[in-house]
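Below: the structure, in structure tokens.
In what follows, residues are counted from 1 in the order of the sequence shown. Quantities reported herein were computed from a predicted structural model and do not represent experimental measurements.
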Amino acid sequence: MGRDVPALTFTREDRRRYRIKMQQCLDALAQMLRESRFEAERPQVGLEIELNLVDDRAEPAMRNTDALEAIADPAWDTELGRFNLEINIAPRRLTEGGPDAWESEIRAALNHAEQRARSIGTHLIMTGVLPTLRHEDVGEGALSENPRYRLLNDQIFAARGEDLHIEVTGIDRLRTYADTITPEAACTSTQFHLQVDPEDFAAYWNAAQAVAGVQVALAANSPFLFGKELWHETRIPLFEQATDTRPEEIKVQGVRPRVWFGERWITSVFDLFEENLRYFPALLPLCDDQDPAETLLRGDIPDLGELTLHNGTIYRWNRPVYAVSRDKPHVRIENRVLPAGPTVADTLANGAFYYGLTRGLVEEERPVWSRMSFSAAEDNLRTAARYGIDARLYWPGMGEVPAAELVLRRLLPLAHRGLELSGMDDAWREPLLGVIEQRCVTGRNGAVWQKEMFHHIDATAHCGRHEALRRMTQQYIDYMHLNAPVHTWPVE
């Protein structure tokens, strides 16, 4: 949600007032779009990374409050689970200082946090799902202390009316129930932000949707959950199921899920915010005192608090964001499909590929979303989550092809072109996109390494499944700190 809320209960009057305020916010947004009031001259990019806390044995450590106190940096915050933390990297221009400057900034922040966390006996790990996490680690006691998480948990279960059902079938089968939303805390992500001119928002969002499956295939890093080997990016189905407010009877009626890919290409950013009001009841109907119409009439910029809070409880894989920075409003896309990790080098390569590819697709004469059904893009995401870099994905003009072949033949040149158009020269592009190229050539990403390393330990040490996962996780942490891209990691 990204916003603190008080612990309270809601009345019917609260919900009625909130519905009215959301419509007022939507009307104000429409007016601002018509009047072109948005910051568009110096677009920026941003990055959020969610991490797990572990102890010296690479087991989950329920100490995020203590770790935050030790880190003492406002860029860091809690996440849903007591074993989670999140860092918000300051926004910047894409080519500001070059990729080395951004990498140095991120590594310095993470290294400082690791040093401080180590002082209380904990460590940080960037991965999509912590391999050593057990089902008993995600009970009610694992919810972070901030009241917003308890309130969100209560509202989701009030809407659902029954326990969550989580079922994922991969090499193993997971079938379980949960009476809190804490299993969602197992999902740790990398979120790339891309500020765009509202006039260009639809094209960039459509492009981001079209490549979501490709992103996941290349960067999958979540093959294990609760000791079971499931999808290459198990985080995708887990997140969908762990925040689902719909019992089975509501699902079959076609009610949309709150973790949502969407159902159509769009023509305006307004389409997404309007869908939010039309399809999703409020989970947290908290109203502020600002009148958005009066604020606009004074010549000021409204916060649109109710609209943004509601948007924060709808988990689109590419989420629209409205924000006010330095007294100027802007809109951006929050790309949420990727897992955290394995390294900062991998993260920046993923970012370069995403930013370059979306720009390259937007600049094409005939947009890919005019040649590709929306359902095909959604199918690509699900196939990529299940099979990772081994997935076969659909692309217009190529049909169904291996993900690596699609990237090498068609999409990597587009990403180079997009970064070039954004002002990034060869010396910056080649190292970043070279990581993507080598992942495709070797067929190795974080999920592949985790699976291979686990099976190697399991076969040679005969130490039991959880112990093999623990040893694999310890080795993962060691390699993570070396910052060599995951396709270079050995299995030994």
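- Atom OG1 of T122 sits about 7.5 Å away from atom CD of E114, to the nearest 0.5 Å.
- Side chains of Q215 and N335: a donor-acceptor N/O pair is present below 3.5 angstrom, by distance only.
- One finds the CG atom of L411 at 7.5 Å from the CE atom of M398 (value rounded to the nearest 0.5 Å).
- With no hydrogens or angles considered, a side-chain donor-acceptor pair links E103 and N483 at under 3.5 Å.
- Considering only heavy atoms from C-beta on, E59 comes within 4.5 Å of H466 through its side chain.
- E334 and N318 share no donor-acceptor pair across their side chains, judged by distance under 3.5 Å alone.
- The pair R256-E263 meets the salt-bridge criterion, since a charged nitrogen lies less than 4.0 angstrom from a carboxylate oxygen.
- Annotation: side chain of M453 is in contact with side chain of Q475 (closest heavy-atom distance under 4.5 Å).
- Across F239, F192, W260, F261, a single residue satisfies ring-ring contact (aromatic ring centres under 6.0 Å, His included) together with W317, and that is F239.
- From I333, atom CD1 reaches atom CZ of R336 across 13.5 Å, with rounding to the nearest 0.5 Å.
- Each of H232, Q450, R235 was compared with N221 under the side chain to side chain donor-acceptor pair (under 3.5 Å) criterion, and only Q450 meets it.
- Counting only heavy atoms from C-beta outward, the side chains of D244 and I156 never approach each other to under 4.5 Å.
- Here the options are V407, V448, D346, the test is side chain to side chain contact (heavy atoms under 4.5 Å, CB included), and the partner is R439; only D346 passes.
- Using modelled atom types, one finds a donor on one side chain and an acceptor on the other under 3.5 Å when comparing E233 with S222.
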Would F374 and W369 count as a ring pair (Phe, Tyr, Trp, His ring centres under 6.0 Å) here? Give the steps. CA-CA 7 Å; F374 194 87; W369 52 94; over 10 Å; no
Verify ring pair (Phe, Tyr, Trp, His ring centres under 6.0 Å) between F273 and Y322, making sure each step is shown before the conclusion. CA-CA 10 Å; F273 286 106; Y322 166 90; 7.4 Å; no
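- One side chain, E50 or Q191, offers a donor N or O that lies under 3.5 Å from an acceptor on the other.
- Salt-bridge annotation for E405 and R410: absent, with no side-chain N of the basic residue lying under 4.0 Å from a carboxylate O of the acidic one.
- Checking side-chain atoms of T190 against main-chain N and O of P339 turns up a donor-acceptor pair under 3.5 Å.
- Salt bridge absent: D55 and R63 never bring a charged side-chain N and a carboxylate O closer than 4.0 Å.
- Using a 4.5 Å heavy-atom cutoff, the side chains of E86 and T78 are not in contact.
- The one candidate from N445, L393, L381, T383 that meets the side chain to side chain contact (heavy atoms under 4.5 Å, CB included) condition with V216 is L381.
- E275 and R316 are joined by a salt bridge, as a carboxylate oxygen and a charged side-chain nitrogen come within less than 4.0 angstrom of each other.
- Looking at L419 and L357, their side chains never come closer than 4.5 Å, going by heavy atoms from C-beta outward.
- Rounded to the nearest 0.5 Å, atoms CG (L284) and CD (E306) are 12.0 Å apart.
- Using modelled atom types and a 3.5 Å distance limit, the side chains of N276 and R319 yield no donor-acceptor pair.
- Remark: the T188 side chain and the N52 side chain contain an N/O donor-acceptor pair separated by less than 3.5 Å.
- Residues H193 and Q44 have side chains that never bring a donor and an acceptor to within less than 3.5 angstrom of each other.
- Taken to the nearest 0.5 Å, the CG atom of N311 stands 8.5 Å off from the CG atom of L272.
- Residues I477 and V54 have side chains in contact (heavy-atom distance under 4.5 Å, counting atoms from C-beta outward).
- A donor atom on one side chain and an acceptor atom on the other are not found under 3.5 Å apart for H112 and D73.
- From R134, atom CZ reaches atom CG of L225 across 13.5 Å, with rounding to the nearest 0.5 Å.
- The pair D66-R116 does not count as a salt bridge, with every side-chain nitrogen at least 4.0 angstrom from each carboxylate oxygen.
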